[in-house]
*Asks:* 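Take a look at this one; I'll ask things after.
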Amino acid sequence: MTSSGPTVILSYDRWVTDVRFQLNFKSGKPVYLQLVDQVKSAAASGAVQPGDPLPSIRPLAEELRVNRNTVAKAYAELENQRVIETIAGKGCFVRASSSPFRKDVRLKLVAETMDDAVVQAHHLQVGKAEFVRLAEERFDAFEDKRARAVHE
Amino acid sequence: MTSPTSVIEINQLVRRYGRTDAVNGLDLQGEPGRCYGFFGRNGAGKTTTIKCLLNLLRPTGGEVSVFGMNPARNEVAVKSRLAYVPDYVAFYPWMTVRDTLDYFASFRARWNRDTERALIDQFRLAPAQKTSHLSKGQRTQVALVAAVCAEPDLLVLDEPTSGLDPIVRREFIQTVIGAYQDADPGQRTVFVSTHLISEFEGLIDEFTIIENGRNVLTLSADVARERYRKIHARFAVEPDRLEFGGARVLRQRGREIELVVNGNADDVMNRLRAGALESVTTESLSLEEIFVATLQPGGAVA
C-alpha cells in the first residue's frame with residue numbers, strides 16, 4: 001500500500017485545478033516543508049499567480065488533518081522566503097517573485113539544492129553526463145509547463 | 001528541568017496498585033500550544049498516568065504538575081483550565097443532550113455558545129434526545145462538544161476514537177484541529193493517548209512511547225520520521241555476508257534485503273554499496289511503525 005497522506009483539492013480559484021496539497025508522512029521531509037515546497041512549485045510553475053489567495057489556515061489544516069501549527073509554520077516560512085505576503089484581515093497572497101538576494105547568494109542557494117541532487121545521483125549510480133542531461137530536461141519541462149500556465 | 005511555561009510536567013511518577021507498578025518512574029513534559037501523542041500498549045500505564053494528571057488517582061511517588069500546579073492541591077484551578085474526553089463516556093441517562101451540555105456548562109467559567117451550535121449541527125446531534133439513546137459515537141461527540149466549548153488550555157484525550165466508525169473518527173480529529181486548536185493556537189495544548197496512531201499522525205508534534213510504566217522514547221514527530229527509515233535494497237548477485245551495526249534486518253531473501261535504521265542511514269547505505277547494489281529505496285517509518293519497531297521483542301533499533 002502506498003502511504004501518502006490525504007490529498008486535498010481546495011475550492012479556491014486556481015487552487016482548485018492546479019494545486020493539490022499532498023502530504024506524505026513517509027518522505028522523511030518535515031510536513032511543513034512539504035507544504036512550503038508545494039506552494040513554491042505552484043508559484044514557480046505559474047499554477048498560481050501573484051495576488052492569488054492561499055487557503056486560510058483552519059480549513060486547510062482540517063482538510064489535511066494536520067496540526068494547525070504545521071500550516072501556520074509553513075505560511076510563516078513562505079512569508080519569510082517572500083513567496084507569499086500576509087495582508088492584515090484578508091489573509092495570505094502569492095507575491096510577485098522578486099528575490100531580495102544578490103546574484104551570488106541566489107546562485108549559492110541553488111547550488112546547495114543541487115548538491116543534494118548530486119549526492120542522490122551518486123547513491124543511485126547516475127553519472128555526470130546523465131545527470132546534466134536530466135537537469136536540462138527537467139529545466140525544459142519546467143519552462144514548458146510555466147509557459148502553458150501563463151498563456152491559459 | 002522545570003520550565004515555568006510547561007503545561008504538563010511529570011517527574012519520576014510512580015503509581016502502584018498493590019504490588020503492581022502501573023507507572024514506574026515516568027518523565028514527561030508538555031509545552032503550551034503543542035500536541036502530544038502518548039503511545040503505549042495495553043497496560044503500559046497510559047490511563048494511570050492520565051488519571052494522575054487529573055487527580056483521579058494519587059501518585060505513589062514522584063511529581064505531577066499541570067499549569068505549574070499540583071493537581072491534588074489546586075484541583076479547581078487545574079480542572080477549570082482543562083477538559084478530558086475518556087475512552088468510555090458516561091452521562092446521566094435521563095438527561096437529554098441539551099440538559100447534559102447545560103449541566104457541563106454550569107461548571108465552567110467559559111462556554112462558547114457559537115461553537116456549541118456549530119458542532120451540534122455538524123455532528124447532527126438531536127438536542128432533545130436522551131443520552132441513554134445515543135450510540136457510542138454520539139456519546140463521544142457530546143463529550144467532545146462539552147470539552148471544546150469550555151475552551152480549555154489543555155485538552156486531554158484518552159483513547160478518544162477507539163471503537164468509533166471512520167467518519168466519526170475523522171470528524172473528531174478535524175474538530176480538535178479546527179474548533180479547538182484554531183481559537184487560540186499558542187495556548188491550546190492537546191495530550192492524546194491512542195492506539196490509532198496513524199489517524200493522529202498529522203496532529204502530533206511530539207510523542208512519548210511508554211512501556212512498563214516508563215518512557216522508552218520521546219521525540220518530535222518530524223525528527224522521528226527523519227531518523228527512522230526503512231531501506232529496501234536489491235543486489236545483482238546474492239551477497240555473502242552483510243554486517244549492519246545498529247540496523248535491524250526486517251527480512252533478507254536471496255538478493256533482497258529490507259532493514260530499518262535509526263539515524264544511521266548513511267552508514268548503512270555505505271555498507272550496502274560495498275556489495276553489488278542493483279537498486280535501493282528508502283522511506284521514513286510512520287509514527288505507528290516507529291512505535292512497533294521500538295516495542296518489538298529485541299528492543300529498540302539502536
Side-chain angles (χ1 to χ4, degrees), chain A residues 1-8 10 20-38 54-77 79 86 91-92 115-127 130, chain B residues 33-37 169-186 188-190 197-206 220-231 233 265-266 269-270 272-273 276-290:
Chain A
M1 200 185 78
T2 53
S3 49
S4 34
T7 301
V8 172
L10 291 149
R20 289 154 143 241
F21 288 104
Q22 184 151 30
L23 299 180
N24 181 356
F25 292 115
K26 296 199 155 193
S27 74
K29 187 194 274 187
V31 175
Y32 86 96
L33 279 182
Q34 294 183 33
L35 293 175
V36 166
D37 286 353
Q38 285 169 34
L54 272 81
S56 4
I57 293 176
R58 175 171 169 176
L60 183 57
E62 283 178 325
E63 282 290 334
L64 294 169
R65 276 179 295 154
V66 299
N67 204 307
R68 186 204 173 283
N69 301 330
T70 304
V71 179
K73 193 172 172 187
Y75 281 15
E77 178 63 24
E79 189 161 15
T86 304
C92 296
D115 285 347
D116 291 342
V118 170
V119 170
Q120 176 79 328
H122 170 76
H123 284 332
L124 299 174
Q125 284 120 30
V126 173
E130 273 176 304
Chain B
R34 290 171 63 79
C35 179
Y36 293 88
R169 295 206 298 255
R170 200 188 169 104
E171 283 180 342
F172 185 98
I173 292 165
Q174 287 175 336
T175 303
V176 172
I177 294 168
Y180 175 63
Q181 229 194 354
D182 195 60
D184 188 4
R188 298 288 169 94
T189 312
V190 181
I197 297 173
S198 61
E199 296 198 341
F200 283 89
E201 177 119 21
L203 195 64
I204 304 293
D205 285 312
E206 193 175 310
S220 100
D222 279 337
V223 170
R225 284 187 290 254
E226 200 193 323
R227 258 197 223 169
Y228 286 86
R229 283 169 191 261
K230 193 189 287 174
I231 299 179
D266 287 348
M269 290 288 259
N270 282 330
L272 285 171
R273 266 192 301 278
L277 200 56
E278 200 175 79
S279 75
V280 60
T281 57
T282 72
E283 63 175 24
S284 293
L285 297 194
S286 65
L287 297 186
E288 182 165 305
E289 290 170 319
I290 292 169

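In what follows, chains are A, B, ... by sequence order, proteins preceding strands, each numbered from 1.
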*Asks:* Between Gln181(B) and Asn69(A), does a side chain to side chain contact (heavy atoms under 4.5 Å, CB included) hold up when you go through it step by step?
*Replies:* CA-CA 9 Å; Gln181(B) 229 194 354; Asn69(A) 301 330; 3.7 Å; yes
*Asks:* Out of curiosity, Phe25(A) CZ to Leu287(B) CG, how far, rounded to the nearest 0.5 Å?
*Replies:* 8.0 Å
*Asks:* Do other residues, nucleotides or ligands put more than 12 heavy atoms under 6.0 Å from the CD atom of Glu77(A)?
*Replies:* yes
*Asks:* Once rounded to the nearest 0.5 Å, what's the spacing between atom CD of Glu171(B) and atom CD of Glu62(A)?
*Replies:* 10.5 Å
*Asks:* Under the side chain to side chain contact (heavy atoms under 4.5 Å, CB included) rule, what do Val31(A) and Arg225(B) come out as? Steps first, then yes or no, please.
*Replies:* CA-CA 10 Å; Val31(A) 175; Arg225(B) 284 187 290 254; 3.6 Å; yes
*Asks:* Please state whether the side chain, the backbone, both or neither of Leu33(A) comes within less than 4.5 Å of a heavy atom of chain B.
*Replies:* neither
*Asks:* Nearest 0.5 Å please: distance from the CG atom of Leu64(A) over to the CD1 atom of Ile177(B).
*Replies:*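 Interatomic distance, Leu64(A) CG to Ile177(B) CD1, rounded to 0.5 Å: 8.5 Å.
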*Asks:* Rounded to the nearest 0.5 Å, what separates atom NZ in Lys73(A) from atom CG in Asp222(B)?
*Replies:*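 CG of Asp222(B) is found 6.5 Å from NZ of Lys73(A).
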*Asks:* Looking only at heavy atoms, which two atoms of Glu63(A) and Arg170(B) are closest? And how far apart?
*Replies:* O-NH2, 4.5 Å
*Asks:* Is chain A contacted by the side chain of Ile173(B), its backbone, both, or neither, given a heavy-atom distance below 4.5 Å?
*Replies:*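 Contact with chain A involves the side chain of Ile173(B) alone.
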*Asks:* Does the side chain of Glu201(B) come within less than 4.5 Å of Arg65(A)'s, by heavy atoms?
*Replies:*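 SC-SC contact between Arg65(A) and Glu201(B) ruled out.
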*Asks:* From His122(A) NE2 over to Met269(B) CE, what is the distance, rounded to the nearest 0.5 angstrom?
*Replies:*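 His122(A) NE2 to Met269(B) CE: 10.0 Å, rounded to 0.5 Å.
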*Asks:* Shortest non-hydrogen contact from Ser27(A) to Ser284(B)?
*Replies:* C-OG, 3.8 Å
*Asks:* Work out which heavy atom in Leu203(B) is nearest to a heavy atom in Asn67(A); give both atom names and the distance.
*Replies:* O-ND2, 2.7 Å
*Asks:* Please flag which part of Ala183(B) lies under 4.5 Å from any non-hydrogen atom of chain A: side chain, backbone, both or neither.
*Replies:*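 For Ala183(B), no heavy atom lies under 4.5 Å from chain A.
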*Asks:* Is there a side chain to side chain contact (heavy atoms under 4.5 Å, CB included) between Arg188(B) and Arg68(A) once you walk through the steps?
*Replies:* CA-CA 11 Å; Arg188(B) 298 288 169 94; Arg68(A) 186 204 173 283; over 6 Å; no
*Asks:* How long is the straight-line distance from CD of Gln174(B) back to CZ of Arg58(A), given to the nearest 0.5 Å?
*Replies:*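 If we round to the nearest 0.5 Å, Arg58(A):CZ and Gln174(B):CD are 10.5 Å apart.
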*Asks:* So Leu124(A) and Val280(B), side chain to side chain contact (heavy atoms under 4.5 Å, CB included) or not? Walk me through it.
*Replies:* CA-CA 7 Å; Leu124(A) 299 174; Val280(B) 60; 4.0 Å; yes
